[in-house]
Chemist: 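The structure follows.
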Amino acid sequence: MPLFGPPDIEKLKAKRDVKGLIKALGYQEDDEIRSRAAAALGEIGDTRAVEPLIATLKDSRYSVGQQAALALGSMRDARAVMAIIGTLHDNVEDVMISPKSIEALTRIGSPAVEPLIAALKEDDAAMQIDAAQALGRIGDVRAVEALIAVLKDSPYRVRSIAAEALGKIGDARAVEPLLAEISEWGAASESVTEALGKIGDARAVGPLLAVIKGGGESSESAAEALAKIGPPAVGGLVALLEDSNMKLRQRAAETLRKIVWQPGLDKNGASYWAVKKNWA
């Protein structure tokens, strides 16, 4: 019978025993203990744990790798960025780590942006998707041009995620490239219309109205986008109230109703009263 049992993670955490928790990371007999040790180190935030957590991230899978990534993200240490991005390469063999790695990179924020932009340029669709997701969550405008480039020349799934990321960042430079995507009617079109709604640029009104008129899978998301754009869309939507297509009239009316009741809409403006008069 062994003289010493497994590490008591709660006791080590309570004592803020960083050295003991680092040692527990190497307790190969029990992955649950290793995972809890990584989580505890992330909560404590002592930078002495950064290199051991990076080493654990590189040689572990599933729950241990997840917690190591999240702990490094919580510590927001730039030294961890490349190691965490490296786990994105494991997206096919180890799908469990990748989402937590994206979350970790999001937590680190600004120091991760340039390395993620470099990852976005790799000829690897899985890597591009993960990098675009992280960049969208971080929301740094430095990523806009790289995401636009991906939007122009990538597989449809990558383009869809890039469009989502551009919508989250909300930079007006993305409007024209996103509008160019609408004409293709690919699988990314719904992501594109949603992104245009989040950006809220009036240049999107005409193309989004055209999407509604055309029907199809993206018409609902186009209407939602117009509701977010608000007053600049009123004239075109009011005109649709006279269309012979009942479903189209109903969609226009519902979208106008959403604009009327938008928080912060100026109730003294002409746009408000035009909507108020015509939506029902």
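Numbers for residues simply follow the sequence, beginning at 1. All values below were derived from every heavy atom in this structure, side-chain atoms included, with hydrogens, water molecules and symmetry-related copies excluded.
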Chemist: Could you go through Asp201 and Ile229, starting from their C-alpha distance and side-chain angles, then the distance that decides it, and tell me whether this counts as side-chain contact (heavy atoms from CB on, under 4.5 Å)?
Modeler: CA-CA 7 Å; Asp201 194 294; Ile229 292 171; over 6 Å; no

Chemist: If you group Ile, Leu, Val, Met, Phe, Trp and Tyr by side-chain heavy-atom gaps below 4.5 Å, do Leu88 and Leu70 land in one group?
Modeler: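 Hydrophobic grouping puts Leu88 apart from Leu70.
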
Chemist: Does the distance from a Lys or Arg side-chain N to an Asp or Glu carboxylate O, for Lys258 and Glu224, drop under 4.0 Å?
Modeler: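 Answer for the salt bridge query: yes.
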
Chemist: Checking Ser218 against Thr193 for the side-chain hydrogen bond (donor to acceptor under 3.5 Å, both in side chains) test, could you report, in this order, the C-alpha distance in whole Å, the side-chain angles of both residues, the deciding distance, and whether it holds?
Modeler: CA-CA 7 Å; Ser218 298; Thr193 55; 5.2 Å; no

Chemist: Is the shortest distance from a Lys or Arg side-chain nitrogen in Arg251 or Glu254 to a carboxylate oxygen in the other one below 4.0 Å?
Modeler: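 Salt bridge between Arg251 and Glu254, a charged N being under 4.0 Å from a carboxylate O: no.
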
Chemist: Counting C-beta onward and ignoring hydrogens, is there a side-chain heavy-atom pair between Glu122 and Gln128 closer than 4.5 Å?
Modeler: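 Counting from C-beta outward, Glu122 and Gln128 never come under 4.5 Å.
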
Chemist: For a side-chain hydrogen bond (donor to acceptor under 3.5 Å, both in side chains) check, start with the C-alpha distance between Ser191 and Arg159, then their side-chain angles and the critical distance, and finish with the verdict.
Modeler: CA-CA 9 Å; Ser191 297; Arg159 290 160 59 192; over 6 Å; no

Chemist: Closest approach of Leu147 and Ile169, non-hydrogen atoms and distance?
Modeler: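 Closest approach of Leu147 to Ile169, heavy atoms only: CD1-CD1, 3.6 Å.
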
Chemist: Side-chain contact test, heavy atoms from C-beta onward, threshold under 4.5 Å: evaluate it for Leu72 versus Val81 and give yes or no.
Modeler: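 No, every pair of side-chain atoms sits at 4.5 Å or beyond.
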
Chemist: Check whether more than 12 heavy atoms from other residues, nucleotides or ligands sit under 6.0 Å from atom NZ of Lys198, and answer yes or no.
Modeler: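 Count over threshold, so yes.
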
Chemist: Could you walk me through whether Glu242 and Arg249 pass the salt bridge (charged side-chain N to carboxylate O under 4.0 Å, His left out) test, one step at a time?
Modeler: CA-CA 7 Å; Glu242 304 299 325; Arg249 295 198 307 272; over 6 Å; no

Chemist: Say whether, by atom type as modelled, one donor and one acceptor occur between the side chain of Arg157 and the main chain of Ala125 under 3.5 angstrom.
Modeler: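 No; judged by distance alone, with no hydrogens or angles, the pair does not exist.
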
Chemist: For Glu103, is there an ion pair with Arg107 - N to carboxylate O distance below 4.0 angstrom?
Modeler: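 Salt bridge: yes.
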
Chemist: Check whether any side-chain heavy atom of Ile182 lies under 4.5 Å from a side-chain heavy atom of Leu196, and answer yes or no.
Modeler: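 The answer is yes, as the side chains (C-beta and beyond) meet within the 4.5 Å cut-off.
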
Chemist: Taking the side chain as everything from C-beta on, heavy atoms only, tell me whether Asp31 gets closer than 4.5 Å to Arg34.
Modeler: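 Touching, per the 4.5 Å side-chain cut-off.
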
Chemist: Which pair of non-hydrogen atoms, one from Ala172 and one from Arg203, has the smallest distance, and what is that distance?
Modeler: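 Minimum heavy-atom separation between Ala172 and Arg203: O-NH2, 3.2 Å.
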
Chemist: Could you check whether any side-chain heavy atom of Ile108 comes within less than 4.5 Å of a side-chain heavy atom of Ile138, counting everything from C-beta outward?
Modeler: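 SC-SC contact between Ile108 and Ile138 ruled out.
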
Chemist: Check whether any side-chain heavy atom of Arg36 lies under 4.5 Å from a side-chain heavy atom of Glu10, and answer yes or no.
Modeler: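 The answer is yes, as the side chains (C-beta and beyond) meet within the 4.5 Å cut-off.
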
Chemist: What heavy-atom pair brings Arg79 and Thr47 nearest, and what distance separates the two atoms?
Modeler: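 In this case the closest contact between Arg79 and Thr47 is NH2-O, 3.6 Å.
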
